[in-house]
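Working notes, structure below.
All values derive from a computational prediction rather than experimental measurement. As a basis for the values below, the full set of heavy atoms in this structure was taken, side chains included, without hydrogen atoms, waters or symmetry mates.
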Amino acid sequence: MLILGIETSCDETAAAIVENGRVVRSSVVASQEEIHARYAGVVPELASRAHVERITPVLRKALLNAGVAWREIDAVAVGHRPGLIGSLLVGVSAAKAVAWSLGKPLIGVDHVQAHMYAGVLEDPRERSISGMNDPPGDLFPALGFVVSGGHTSLYRLDSWTEIKRLGGTIDDAMGEAFDKAAAILGIPFPGGPNLDRLASSEGSNDRAEELPVSRLGGDSLDFSFSGLKTALLYAARGVPASSNPRAARPQPAPELTPGRVRDLAASFQRAAVKAAIIKIQRALERLGSSAGGVRSLLVGGGVSANSRLRIDLEMLADKRGVRLVIPRMKFCVDNAAMIAGLAYHLGSESSMAGLALQASPSTSLAGANAVHT
Ligand code: KG4
Ligand code: ZN
């Protein structure tokens, strides 16, 4: 079964062809990075307009790269929630037009749910990566961790459709915190990947500054990154007198030399990743990771590309005896292959929304309250 996936929830215009829910025949992503870079963030109206311009060539390229003709497509899937509403509408409208003209079913997919699916996608062009193309086997029950620019949430999954939210961020998403930390340190857009690169560069000292690791309550599965962000701001620019009652005068910070920026980036990354790992470990303890407990840890979203997070997750999964299912780098960020892949498992009557499918800014996952951007 060949599914055409379409994704336009934020600033990537993407289309993909996925066979039987796993084999990625093509995946095309047109990034709008150059459009939003000078604003240091995504401008929704510009994003929608760029999607309109790019969606048709991106769709054509996805079919061409897969060597698939329009009539060979069995269903059309689209990320219809959550995201920027103007951006989502472009993808949803395009998906409806294709599905209607081909007379094929239209499947609406939740973008957050799809991020957790990205780790099981197989790329036939990259067989060399060990273990990456192994059959997924029985993954459930699973602990899901979605970590992106708009989301930082934990879920229990009993199947690809039975999902319960366990916790999430009470302030910034982890990717948002990386982007803001990069802005504080003067690291250019896109902040997250550039900060990661700098923090991992030779000579960096991740202990240069002891930044706070948020734990919240003893049994909380929520996350908080705003305290860490403020601590980084003070470490970079000094502590204002108003924030430090014991000091009569503001406390200056050491000069922000390139070396200091690199060390602060590494210290920030260490604290942010540690905060995430603590909560995942807590969730695994709560759900149990031995017989009858969680079998796998499904991680997805832009921040799952972070080098330190990937290493620490591997160590944690190894220690707890659960299988880590984490996407290849190109499927960490927004893409349409994860939409087409997950759609294969949603192909029941209930998910065939037809032309009545609506775009929505919020996720459908139970109890979720953050809007994914
Ligand atoms: O999932 P995604 O492509 O878009 C949504 O938020 O939906 O994730 C983008 C986020 C951005 O905040 C970006 O800075 C972050 O993922 N990101 C990273 C890395 N690569 C992307 N954060 C830390 N380290 C990275 N290597
Ligand atoms: Zn995303």
Side-chain angles (χ1 to χ4, degrees), residues 1-10 12-31 33 54 57-69 72-79 91 107 109-139 142 144-148 157 160 192-193 196 296-307 309-311 313-314 317 323-347:
M1 182 177 193
L2 290 178
I3 298 187
L4 166 67
I6 299 176
E7 156 61 39
T8 60
S9 68
C10 189
E12 262 97 26
T13 316
I17 304 277
V18 177
E19 191 177 335
N20 297 335
R22 264 207 94 201
V23 180
V24 182
R25 296 275 296 266
S26 68
S27 175
V28 178
V29 181
S31 162
E33 211 171 280
R54 291 161 192 217
V58 164
L59 280 167
R60 285 213 180 98
K61 195 167 174 199
L63 270 87
L64 189 73
N65 289 0
V68 164
E72 292 177 90
I73 293 166
D74 296 300
V76 181
V78 61
I107 306 168
V109 177
D110 188 291
H111 177 99
V112 176
Q113 204 177 336
H115 267 309
M116 290 189 272
Y117 189 82
V120 304
L121 294 171
E122 178 186 321
D123 189 331
R125 288 164 293 263
E126 289 180 21
R127 288 208 185 270
S128 54
I129 301 178
S130 81
M132 276 289 201
N133 287 346
D134 292 348
D138 194 3
L139 302 172
F145 179 50
V146 179
V147 64
S148 70
L157 293 91
W160 289 118
D196 181 6
S296 66
L297 174 55
L298 309 175
V299 184
V303 187
S304 59
N306 183 268
S307 56
L309 182 64
R310 290 177 87 92
I311 293 169
L313 282 170
E314 247 168 58
R323 177 158 163 211
L324 176 64
V325 180
I326 192 163
R328 301 156 195 281
M329 297 302 256
K330 66 178 170 198
F331 298 137
C332 289
V333 289
D334 290 349
N335 65 85
M338 66 184 192
I339 302 287
L342 178 59
Y344 180 74
H345 301 271
L346 306 178

Original post:
If you measure from OG on Ser304 to CE on Met329, what distance do you get to the nearest 0.5 Å?
Top reply: 8.5 Å
**OP:** Report yes or no: does Asp74 contribute a side-chain atom to a donor-acceptor pair with the main-chain N or O of Leu2 at less than 3.5 Å?
**Re:** yes
Subject >> Check: Asn335 side chain, Val333 main-chain N or O, donor-acceptor pair, under 3.5 Å >> reply: yes
Original post:
Out of curiosity, Asp334 CG to Ser9 OG, how far, rounded to the nearest 0.5 Å?
Top reply: 5.0 Å
Original post:
Roughly how far, to the nearest 0.5 Å, is the CG atom of Leu298 from the NE2 atom of His115?
Top reply: 13.5 Å
Subject >> Close side-chain approach of Ile73 to Val68, heavy-atom, < 4.5 Å >> reply: yes
Original post:
Ser148 side chain to Gly301 main-chain N or O, any donor-acceptor pair under 3.5 Å?
Top reply: no
Subject >> Nearest-0.5 Å distance, CG of residue Leu121 to CE of residue Met338 >> reply: 9.5 Å
Subject >> Sub-4.5 Å side-chain heavy-atom contact between Leu342 and Asp110 >> reply: no
Could you tabulate the donor-acceptor pairs under 3.5 Å formed by side-chain atoms of residues 14-21, not counting sequence neighbours?
| residue | atom | partner | partner atom | Å |
| --- | --- | --- | --- | --- |
| Glu19 | OE1 | Arg25 | NH1 | 2.9 |
| Asn20 | OD1 | Met1 | N | 2.5 |

Original post:
Does Pro124 offer a backbone N or O that forms a donor-acceptor pair with the side chain of Glu122 under 3.5 Å?
Top reply: no
**OP:** Output yes when a side-chain donor or acceptor of Arg22 lies under 3.5 Å from a complementary backbone atom of Val120, and no otherwise.
**Re:** yes
Original post:
Roughly how far apart are Glu7 CD and Ser27 OG, rounded to 0.5 Å?
Top reply: 10.5 Å
Original post:
Using 30° and 60° as the class limits, which term best fits the ring planes of Tyr117 and Trp160: parallel, tilted or perpendicular?
Top reply: perpendicular
Original post:
Is there a side-chain contact between Val147 and Asn306, using heavy atoms and a 4.5 Å cut-off?
Top reply: no
Subject >> Spatial distance of atom CD (Glu72) from atom CG (Leu4) [nearest 0.5 Å] >> reply: 12.5 Å
**OP:** Check whether any side-chain N or O of Arg125 sits under 3.5 Å from a backbone N or O of Val24 as a donor-acceptor pair, and report yes or no.
**Re:** yes
Original post:
Checking Arg54 side chain against Glu12 main chain: does a donor-acceptor pair fall under 3.5 Å?
Top reply: no
Original post:
Closest approach of Ala77 and Ile3, non-hydrogen atoms and distance?
Top reply: CB-CG2, 3.9 Å
Original post:
Does Lys61 have any salt bridge (charged side-chain N to carboxylate O under 4.0 Å, His left out) partners at least two apart in sequence or in another chain, and if so, which?
Top reply: none
**OP:** State, with a plain yes or no, whether a side-chain heavy atom of Val78 is found less than 4.5 Å away from one of Val76.
**Re:** no
